[in-house]
Amino acid sequence: TCSPNYAEMLYKKGQLIMRILEIRLGKDQFIKVLQRIVVIALEYGGHFDKPVDWYHTVVSIDSFFNTVTSVTGRELPSFIDLFINSGGHN
């Protein structure tokens, strides 16, 4: 487990990273990435009957950014290094 403050910070960092990614990709490309992730989730999660079944479904960072590359044709190694692998303040 982690402290509530740490959990809140991670949640806010995730929101910020997604917003920065939207700005970098553009809204249309960002929406296409999210749509693709939902399609994949529905294909593999079709056996989930109730919303609560989806609660612990997680998309890995690698899988997410592989989808970004697949949908947009753009690889973002500097983005990943700056915002995921470090503190985002280099």
Side-chain angles (χ1 to χ4, degrees):
T1 63
C2 64
S3 76
N5 290 340
Y6 184 73
E8 181 181 1
M9 185 272 310
L10 286 179
Y11 181 76
K12 288 180 180 180
K13 181 179 179 182
Q15 289 178 317
L16 179 62
I17 289 170
M18 294 299 280
R19 180 70 179 118
I20 293 169
L21 184 61
E22 178 185 6
I23 291 167
R24 181 172 245 181
L25 294 177
K27 187 172 186 172
D28 290 341
Q29 291 292 307
F30 183 73
I31 294 297
K32 286 179 183 179
V33 168
L34 296 181
Q35 288 173 331
R36 181 65 185 142
I37 289 171
V38 169
V39 166
I40 292 168
L42 290 172
E43 287 174 3
Y44 292 102
H47 62 281
F48 295 151
D49 297 324
K50 300 172 283 202
V52 71
D53 294 337
W54 291 88
Y55 184 74
H56 292 288
T57 304
V58 177
V59 176
S60 72
I61 293 169
D62 289 339
S63 177
F64 179 83
F65 281 100
N66 285 339
T67 303
V68 170
T69 300
S70 173
V71 170
T72 67
R74 296 172 64 183
E75 293 186 15
L76 302 170
S78 61
F79 183 90
I80 294 168
D81 286 342
L82 180 61
F83 293 106
I84 308 298
N85 297 333
S86 72
H89 48 74
N90 293 346

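These figures come from a predicted structure and were not determined experimentally.
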**OP:** Kindly indicate whether the side chain of Q29, heavy atoms from C-beta on, has any atom under 4.5 Å from the side chain of R74.
**Re:** no
Rounded to the nearest 0.5 Å, the CG atom of L16 sits from the NZ atom of K12 at a distance of 11.0 Å
Here the pair of heavy atoms bringing V33 nearest to T67 is O-CG2, 4.1 Å
Notebook entry, point to check: Are F79 and I17 close enough that some pair of their side-chain heavy atoms sits under 4.5 Å apart?
Noted result: yes
- prompt: For the side chain of S70 and the backbone of N66, is there at least one donor-acceptor N/O pair under 3.5 Å apart?
  reply: no
Measure the shortest side-chain to side-chain distance between L21 and F83 over non-hydrogen atoms and say whether it is less than 4.5 angstrom.
no
Rounded to the nearest 0.5 Å, the NZ atom of K13 sits from the CD1 atom of I20 at a distance of 10.0 Å
Note: with side-chain heavy atoms under 4.5 Å as the link, the other cluster members for V39 come out as none
With the side chain counted from C-beta on, respond yes when L34 and M18 share a heavy-atom pair under 4.5 Å apart, and no when they do not.
yes
Residue set satisfying side-chain hydrogen bond (donor to acceptor under 3.5 Å, both in side chains) with R36, at least two apart, ordered chain then number -> none
When rounded to the nearest 0.5 Å, the distance separating CG of L25 from CD1 of I31 is 10.5 Å
Is a side-chain donor or acceptor of T72 paired with a backbone partner of V68 at a separation under 3.5 angstrom? yes
- Does atom CD1 of I61 have more than 12 heavy-atom neighbours from other groups under 6.0 Å away? no
Do the side chains of R24 and F30 get nearer than 4.5 Å, heavy atoms only?
-> no
